Each structure stands twice: as C-alpha cells, then as structure tokens.
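Input: a single structure, listed below in structure tokens.
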Amino acid sequence: MILSLAISNKAPLVTSPVSIFLIVLAIILLAPILLKRLKIPHVIGMIIAGVVVGSHGLNILARDMSFEVFGQVGLLYLMFLAGVEIDMYHLRKNLRRGAVFGVYTFLVPLAAGTVAACLLLHLSLMASLLMASMFAAHTLLAYPIVSRFGLTRNKAVVIAIAGTIFTVLGSLMVLASVVGVVREGEWNVMLLLRLSGQLLLYCVALVYLYPRLTRWFFKHYNDGVSQFVYVLVMVFLAAQTAALIGLEGVFGAFFAGLVLNRFIPARSPLMSRLVFVGNALFIPYFLIGVGMLINVGVLFTGWTTLYVAAVMSAVAMMSKWVAAYMAQRTFSMAAVERSIMYQLSNAHTAVALAVVMIGYEMHLFDESILNGTILMILVTCTVSSVGTARAAARLKVQTLLSEDTLSDGADRKRRRVNTLIPVVNPKTATELVNLAIMMHDNSSRQANLFGLHVRNDNSPSSRAVGKNSLDVAEYVASTVDVSLTPIDRYDLNFVTGVLNTIEERDIDEVVIGLHRRSNVIDSFFGDKLTQLLKATYRMVVISRCYIPVNTVRRIVVAVPDKAQYESGFSRWVCAVANLARQLGCRIIFCCSGDTRRSIAAVLRINRFTIRSEYRDIEQWDDFILLANKILDEDLFVVISARRASVSFSSEMDGLPEFLRKYFSQNNLIVIYPEQFGEEAVVPVVDDALSSDVVTAPSPLWLKLKDIYRSGLLLKNRLSRGHRKNRIEL
C-alpha cells in the first residue's frame, strides 16, 4: 500500500521554480473565483486544488521544500493573525468561558477517542490515548472565513480561539506522557513538571520583554517596512523558542500575536500589511500544502482504511459537537453561536499530522491509521469550512439586526462625517491621517477624509511641498482601504483657505497639528489656530504626539463641567472612545459626576466595549493636580470650550499657558467640540448602566444652577484651608 504521506515515485510535470510559483499564484487567484459560483468556501477550494495538482492527483507539482517551508509559515501566520486580530477587551471578558470551553473540547474528545480506539479499532491503551490527543487538538483552519465576515470580536469566536490554546497545550501534555511511557516504560512526572515550568517561564518572558522591545523599536523606527519585518521576526522567534522548549510553534505564534496586539491597531497600515501578506500568500500556501498530502486513492485500497477513517472522523466531529453543546448550555448561548464554536474547533490538521507521524515511527500506529488520519483531515476540514461559512452568515445577519434594533434612529440616518486634515509638510501628514482614521470606526459613521494644503504663492517649491504632503496623506489612507480626497488650494492665507474649504465641503471636524513655537513670544496655539478657533464652531482636534500613537499606554481625558450640554458632546466622546478601542488601552475620564454619567450613557448607547474609568474632578484647580499624574507614554486629551459655549469658564483663558507650563513634554490632544450643531439631545443618566435620554435644560435653569454651584464652591473653599488631592490615576 502506498502511504498517504509518501511522495510519488513519478517525477512531477513542473520542476522550474518560476513555473511552480506561477501555478501556485494561479491557484490562489482562480480557485476562489471558480468555486465561489458553487458556493464552496475558498478554504476548501485551496485544499481541493492541492489535491488536484499534488503527487496523488495529476502530479503537476511535488510537495518539495518550498511547500514545507511556506506551509509551516502559513500555519504559524494563521495562528498569529488569530491572536493579533482578537479584541483584548473581549478576550479578558470571555477568558473564563474560553477556559471552560477549552476543558470541554479537550476532555470530551480525549475520553471518547480513547474508548472508541480501544473498542472499535482494538488499539492498546497508549495508542488509544495518542490517537485521542489528535481528536482533542484542532486547528483554526476556518478562521479566515469569520475574519472576512468581520466577526473576530464576536463572543463565540473569542471563546473558540481561547479554547484552542488549552486544547493544544493539553494535547502536548498527553503526547509527552505517552512518549515517556513508551520509551521509558513508566509515567514520568518530572517530564510534565518540567514542561509546565518551561511554559510558565516562556509566557512570563514574552509578556515582559516583547512590549518593551516593541515600544522602543516603534519609537525609533517609524518606517513601515521595518516595522513589518520586525513583527515577523518577533512572531517566528516566539514560535521557534516554543519549539525548542518542547511546545508547539503554533502556541508561540498565537501568544506573540496576543502580546503584540495592542501595538498593531486594527485600522493601521501595519495591520493592513500583515493581513494582506498572510491572506495573499502564506495561508493559501499552507492550505494547498495540506491538500497535496491527501491521497484520494486510499479509498480504493480496501475496507480497512475506510472503516478506520469513518470511525476517526465520526468520533472527532461528534465529540467536538458535544463539547460545543455543553458550552452552549453552560453559558446560555444561542444555537448559531454553538455552531460557530463547533465548526471552528472541528478542523484537524497540524497537531493530527504531528501525532500520527510520531505514533507511526514508534510503531503504535499502522498504515491504515496513517491513511485514515489523512482522510479524517479531509473530512473535518471540509465540514469545518462549509459549516463555518453558513454559521458565520447567519450570525452576521443576527448581529446586524441586533445593531439596528439597538441603534438610535436619528443616528442611523445621519450622514457620514466629513473630516478635514490640513497638512503643512510630509513629516506631519502620516501622524494626522492615522489619528483621524483611528478616531472613527468601520460603521456608517466613518469619516469622509479630505487632505488640504494651503499655499499663498505659485512658486514651484511651494507646489512641490503641497503635492508631496498630499501624496503622503493619500498613501497613508489607502494602506487601510480608506479614501482621502486631496485638495491643493491657493488662497489668501492658511486660515482663510481652511475656512473656505470648511464651507465648500461641508466639513464637520478638523484634525490639525499643533504648531512649533518659533520664538519665546509666540503663543502656545499660535496665531493661525487662535484665528481658526474664533472663526469656526466646528469640532477642532489639535494634536501633538512625541511618540507613535500605537505605543500609548493610557488615554487620560480632562473634561470641563457642563460639557454634556454642548451639541458636539457625543461626537468627541465617540472619537476618543474609538481611539481607545483601536489602541486597546485604558481610558480615564476626569470629570464631574453629572458629566461622568452622560459619558457613560454615550458609551453604552454606542456599544463601546473599552476599559473606561472615571475620576471625580469638579474645580479648575484639579487640572493642575493632573500634571504629576500624566506619564511620558500617556496621551493627555483636554476637552476645551469656546467663549460662547455653555461649558466655558473664565479659567479656560489660561489653558494655553497652563498646557505650555505643565505639559510641554507630554503627548497632547486638545479638542474644541462643535457648537450650535444639529444634536439637540444630551444623554443624562442616574448611573452608568442606564441609557435614558433627555433634552438639555433651559438657560434659566443653567443660570440658577451656576449660582447654586458658585455658592457651594465658595463655601467649600472657605471651610477647607488645604484641599486634599482626590485624583489618583
């Protein structure tokens, strides 16, 4: 009998490296297009194409070293993307559920597989345990499908991904135990203790070293190619280190993705490059290589192989379904969520191949088990891919219907936000465009971006600077699939050009960089920004960051009293919340009690799942106390107000000098919310969990409230000689 893992004795039809690569690229291009009409997932299309062109099919290509290398890289890349795309907030929130599901999806297949192998396949206890470890472990083969549907943050998907790591580690423990018993004749407890200790040290080392190295590298090297190569080096270093200490490389790649997660925002050029390279090359190579291992000819070699494959496939799929059903009942989840968890955990490839080869070399498995494993891989991969595509489509529809039900009707009908980004030179264009993109989500409220360069002369040098600046801005936006409209404008001066563009393009918000002071008498904001703030009531975001925004540890937002009564309140809250969600960092709102409840209502209504905290602050003196609390790697966001606004107070006249004196070395964003806009309601709640919406109070009530608060403020100041520091960040 010809083994399924053996390479055919016949020479392949194509041996030229260029021709091999051309055929692989043609498969990657055409297979999804052709099979899409048959409603077959592209994952299965790659595997089927591998079967056809492989040594067990038409023998066009041989599974040479290139497929070995790219296949292994593709598997590691698949696990890395699963880790880096996951929402860390949802992972922390569902970690306990993921652990429980991991225990279910490991123990149930392990027990069922051991019993079935002993009773139905008549294997020894050690061989049965080894085979059962194949059933317990699984590969996230269908993860690209849920990623295409945009469900990577769904609760069921996060639970399935978290459970995968527990099953892989459990299978490795079983494998190590069986190998120890077979080779040494007894169960070696020290081997498991040593492996557990190495695992603990490995995780601690990555958690401690990787963030520090990454933050340092990103601060000193802002080139996109260098950052991309650095991430790949860190991923494969983690995978190789894991393999050296006896762990699977897939665990190292996944764990590296989790550690690097916060440094790679979802809407960033770096993430776009990582996803593009993986989905375009590495992962398809892995899928094609899996297909080239499958020998359909074993179906005609006898009933023994078919019987073994049927038993293995049935036990593997049924036990995974039982585990998903148990998790569904435990956590009261919907049927479609159970289907997602089951189908994601149903595919068996990498660990199954490793285990069966080890068992075959140790003479625990014969050729029928070897061939049966290959057929089991074909069956489970097919069922997993097709089932995941169907379940993901149903879950996506339910998610959209749920979002429409929870969304406010006026919010759904509101047009897309128009954002203007004035760029003066190419050096600041990248930072401003990235900030503007990350302050908006992927929903219908995503901004229409306009890049603007204003010049007041027609000299060739001025035109060249403008064209270069706009080209950089347009390129940065295109790397994350966002369209930016470049505007090269000739006008009287910078402020006039910006104001005219705001009116012509119906701009809703302006994202602009803070100018560099040219002399000691120059003001903090400068004359241009001061004139712009006086001339427009649109939302203005002024940015100054000394470090890349993706290396920020925390976002601290200082909010003035009565900020919730401004018409642009909800917009700036959503903007900073989107920024925190993209960066995966903690956000701290320093505000009064009434404002805190309104912010919590906005976050709840817009379904922001971020780590938000609140610190009470009621007087302007409290802002001074923040100076010692803001660290070099924090982002300090100050919500200011114009003179005609409700939230303006006389102390705000000293804001520029205050920021220059106490926050000259900090990363800073100053936001002037929109005034006199169309938003007429302000969310006000009794607590952080409520979401009632009421209209803003009348001007008379505001005056009475100001008089009452002024009296309380005077009383408190007279009664306390020395005010305690109540702000702790």
Side-chain angles (χ1 to χ4, degrees), residues 265 267-269 272 414-456 458 462-515 528-529 531-545 549 568 571-572 574-576 578-579 582 669-675 677-679:
R267 302 190 69 199
S268 65
S272 299
R414 186 169 55 186
R415 60 178 175 80
R416 292 158 63 96
V417 177
N418 295 328
T419 300
L420 181 66
I421 310 172
V423 290
V424 179
N425 57 72
K427 295 182 179 180
T428 59
T430 300
E431 174 191 341
L432 292 177
V433 173
N434 283 331
L435 178 63
I437 291 174
M438 285 191 286
M439 293 181 74
H440 299 86
D441 55 22
N442 295 321
S443 65
S444 59
R445 295 181 61 185
Q446 178 183 345
N448 293 320
L449 299 184
F450 297 90
L452 172 66
H453 180 81
V454 180
R455 51 186 174 81
N456 56 6
N458 283 321
S462 179
R463 287 177 175 270
V465 171
K467 184 179 186 305
N468 193 12
S469 302
L470 294 175
D471 287 344
V472 171
E474 192 173 9
Y475 170 76
V476 173
S478 66
T479 57
V480 290
D481 295 329
V482 174
S483 176
L484 181 142
T485 304
I487 303 174
D488 186 11
R489 187 182 188 92
Y490 177 85
D491 217 315
L492 181 64
N493 53 54
F494 175 81
V495 177
T496 304
V498 173
L499 292 175
N500 289 336
T501 306
I502 290 176
E503 297 301 326
E504 293 171 0
R505 302 282 181 164
D506 197 14
I507 298 298
D508 299 291
E509 58 190 33
V510 180
V511 179
I512 191 170
L514 182 64
H515 85 299
K528 295 180 181 179
L529 277 178
Q531 295 175 19
L532 180 64
L533 291 172
K534 291 180 179 179
T536 180
Y537 293 104
R538 308 296 170 89
M539 174 173 160
V540 179
V541 180
I542 306 171
S543 170
R544 183 199 64 192
C545 289
V549 69
R571 178 173 296 169
W572 73 254
C574 293
V576 296
N578 275 315
L579 184 60
Q582 290 289 329
I669 290 180
V670 182
I671 298 179
Y672 283 83
E674 178 188 8
Q675 287 182 263
E678 298 178 357
E679 298 184 14

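Values in this document were obtained by computation on a predicted structure and should not be read as measured data.
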Practice task
First locate atom CZ of R571, then atom CD of E509, and finally report the distance between them rounded to the nearest 0.5 Å.
Solution key: 6.0 Å

Problem - pair I669-L435: side-chain heavy atoms closer than 4.5 Å - result: yes

Problem - Donor-acceptor contact present, side-chain Q582 to main-chain R267, <3.5 Å - result: yes

Problem - Atom pair CD1 (I512) and NZ (K528), whose distance is rounded to the nearest 0.5 Å - result: 9.0 Å

Problem - Nearest heavy atoms of T536 and V540, plus distance in Å - result: CG2-CG2, 4.4 Å

Handout entry: Main-chain N/O of F494 paired with D491 side-chain donor or acceptor, under 3.5 Å
Key = no

Handout entry: Stepwise side chain to side chain contact (heavy atoms under 4.5 Å, CB included) check, F450 with T501
Key = CA-CA 10 Å; F450 297 90; T501 306; 5.8 Å; no

Handout entry: Minimum heavy-atom distance A429-S469, with the two atoms named
Key = CB-O, 3.9 Å

Fill in the blank from the handout: Partner of V541 under side chain to side chain contact (heavy atoms under 4.5 Å, CB included), picked from I421, V510, V511, is V511

Practice task
Check S543 against L432 and note the closest heavy-atom contact, atom names and distance.
Solution key: CB-CD2, 4.3 Å

Exercise for the section: Any chance you could measure L452, atom CG, to I507, atom CD1, to the nearest 0.5 Å? Expected result: 9.0 Å

Completion exercise
Scanning both residues in full, the closest heavy-atom pair of T485 with R505 reads CG2-NH1, 4.5 Å

Completion exercise
CG (L579) and CE (M438) are apart, to the nearest 0.5 Å, by 6.0 Å

Practice task
Give the minimum heavy-atom separation between A436 and L449, together with the two atoms involved.
Solution key: CB-CD2, 4.3 Å

Practice task
Looking only at non-hydrogen atoms, find the nearest pair between V433 and A477 and report the distance.
Solution key: CG1-N, 4.0 Å

Exercise for the section: Determine the sole option in T419, L420, N418 for which the side chain to side chain contact (heavy atoms under 4.5 Å, CB included) test with D508 is passed. Expected result: N418

Handout entry: Side-chain heavy atoms of L492 within contact of N456, under 4.5 Å
Key = no

Handout entry: Main-chain N/O of N458 paired with S462 side-chain donor or acceptor, under 3.5 Å
Key = no

Practice task
Quick one: pull up OG1 in T430 and OH in Y475 and give me the separation to the nearest 0.5 Å.
Solution key: 9.5 Å

Exercise for the section: Look at the side chain of N500 and the backbone N and O of T496, then say whether any donor-acceptor pair between them is shorter than 3.5 Å. Expected result: yes

Exercise for the section: Would you indicate whether the side-chain heavy atoms of L529 and L514 approach each other to under 4.5 Å? Expected result: yes

Completion exercise
With D488 as partner, the option from R463, R455, H453 fulfilling side chain to side chain donor-acceptor pair (under 3.5 Å) is R455

Practice task
For K427, enumerate each residue passing the salt bridge (Lys or Arg N to Asp or Glu O under 4.0 Å) test, keeping only those at least two apart in sequence or located in another chain.
Solution key: none

